[in-house]
Amino acid sequence: MNETAANDTALRALGRITGTWKVTGGAEGTITYRWMEGGFFLLQDVDLEQDGHRIKGLEVIGRERTFGSEEPSADIKSRYYGGDGDTLDYVYELEGDTLTIWGMEKGSPAYFRGTLAADGDSLTGGWVYPGGGGYKATMTRIKD
């Protein structure tokens with residue numbers, strides 16, 4: 001792993017969610033988080049069903065460093081690429097045992113907030129959508 005990536009403590013903290021997780025609640029299926037070679041990006045493979053709709057895709061999570069820029073973004077950002085052609089942007093934040101995934105930008109009214117169990121093998125929370133929508137979700141680690 002590159003020394004710069006290894007020194008990014010906020011990004012490295014997301015290593016707590018690596019592995020394959022069974023998702024239950026408002027969406028059902030599996031997701032897998034894994035490090036991309038180099039350690040700068042965490043990849044999420046998504047295979048879920050929600051409301052009879054199949055959701056398959058890949059999310060790339062890390063610091064944005066645009067062409068010609070020497071400094072990475074302050075926030076840990078991601079882009080989800082769905083098998084149905086959707087591209088969705090998020091901001092990841094892990095503070096203590098609380099994982100927040102903001103829709104589009106930090107502070108958005110659309111977000112996921114969940115708590116990692118002390119043993120690190122479950123994450124319980126839910127998605128909140130503007131206008132009062134959303135759903136509860138539980139993730140249980142099935143493979144490291």
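All residue numbers in this chain count up from 1 along the given sequence. Bear in mind that the values here come from a model prediction, so they are computed numbers and not experimental data. When reading the values below, keep in mind they use all heavy atoms of this one structure, side chains included, and skip hydrogens, waters and symmetry mates.
Leu48 approaches Ala27 most closely through the heavy-atom pair CD1-CB, 4.3 Å. Here the shortest heavy-atom pairing between Tyr80 and Lys56 reads OH-O, 3.3 Å. Summarising the geometry of Val46 relative to Ile31, their closest heavy-atom pair is CA-CG2, 4.1 Å, with the distance given to 0.1 Å.
Between the side chain of Asp84 and the backbone N or O of Asp86 there is at least one donor-acceptor pair closer than 3.5 Å.
The closest side-chain heavy-atom distance from Asp51 to Tyr135 is not below 4.5 Å. Side-chain contact between Leu99 and Leu94 is present, with heavy atoms from C-beta onward closer than 4.5 Å.
Of the inter-residue distances, the one linking Lys77 atom NZ with Asp75 atom CG reads 6.0 Å to the nearest 0.5 angstrom. Taken from CZ in Arg113 to OG1 in Thr124, the straight-line distance is 15.0 Å, to the nearest 0.5 Å. The distance from the CG atom of Leu42 to the OH atom of Tyr33 is 7.5 Å, given to the nearest 0.5 Å. Taken from OG1 in Thr66 to CD in Glu71, the straight-line distance is 11.0 Å, to the nearest 0.5 Å. Considering CD1 of Ile101 and CD of Glu59, their distance stands at 6.5 Å, rounded to 0.5 Å. Going from atom OG of Ser78 over to atom CZ of Phe41 covers 11.0 Å, rounded to the nearest 0.5 Å.
Within the structure, salt bridge (Lys or Arg N to Asp or Glu O under 4.0 Å) contacts touching residues 115-140 (residues at least two apart or in different chains) are Asp121-Arg141.
Grouped by direct or indirect side-chain proximity (heavy atoms under 4.5 Å, Ile/Leu/Val/Met/Phe/Trp/Tyr only), Tyr111 sits with Val91, Trp102, Val128. Taking Ile, Leu, Val, Met, Phe, Trp and Tyr as hydrophobic and joining them when side-chain heavy atoms fall under 4.5 Å apart, one finds Ile142 isolated, its cluster having no other members.
Judged by distance alone, the side chains of Arg63 and Ser73 never bring a donor and an acceptor atom under 3.5 Å apart.
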Worksheet item: Which is it for Thr24 and Thr140 under the side chain to side chain contact (heavy atoms under 4.5 Å, CB included) test, yes or no, and what are the steps along the way?
Response: CA-CA 8 Å; Thr24 58; Thr140 305; 5.7 Å; no

Item to complete: Decide side chain to side chain contact (heavy atoms under 4.5 Å, CB included) for Asp97 and Arg16; before the verdict, give the C-alpha distance in whole Å, the side-chain angles of both, and the deciding distance to 0.1 Å.
Response: CA-CA 10 Å; Asp97 292 332; Arg16 293 178 63 193; 2.8 Å; yes

Worksheet item: Could you walk me through whether Phe40 and Val60 pass the side chain to side chain contact (heavy atoms under 4.5 Å, CB included) check?
Response: CA-CA 10 Å; Phe40 285 99; Val60 180; over 6 Å; no

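Using a 4.0 Å cut-off between charged nitrogen and carboxylate oxygen, Arg54 and Asp47 count as a salt-bridge pair.
Hydrophobic clustering keeps Tyr92 apart from Met104 (ILVMFWY residues linked when any side-chain heavy atoms are closer than 4.5 Å, directly or through intermediates).
With respect to Thr32, the side chain to side chain donor-acceptor pair (under 3.5 Å) criterion is satisfied by exactly one of Asp45, Thr18, Thr20: Thr20.
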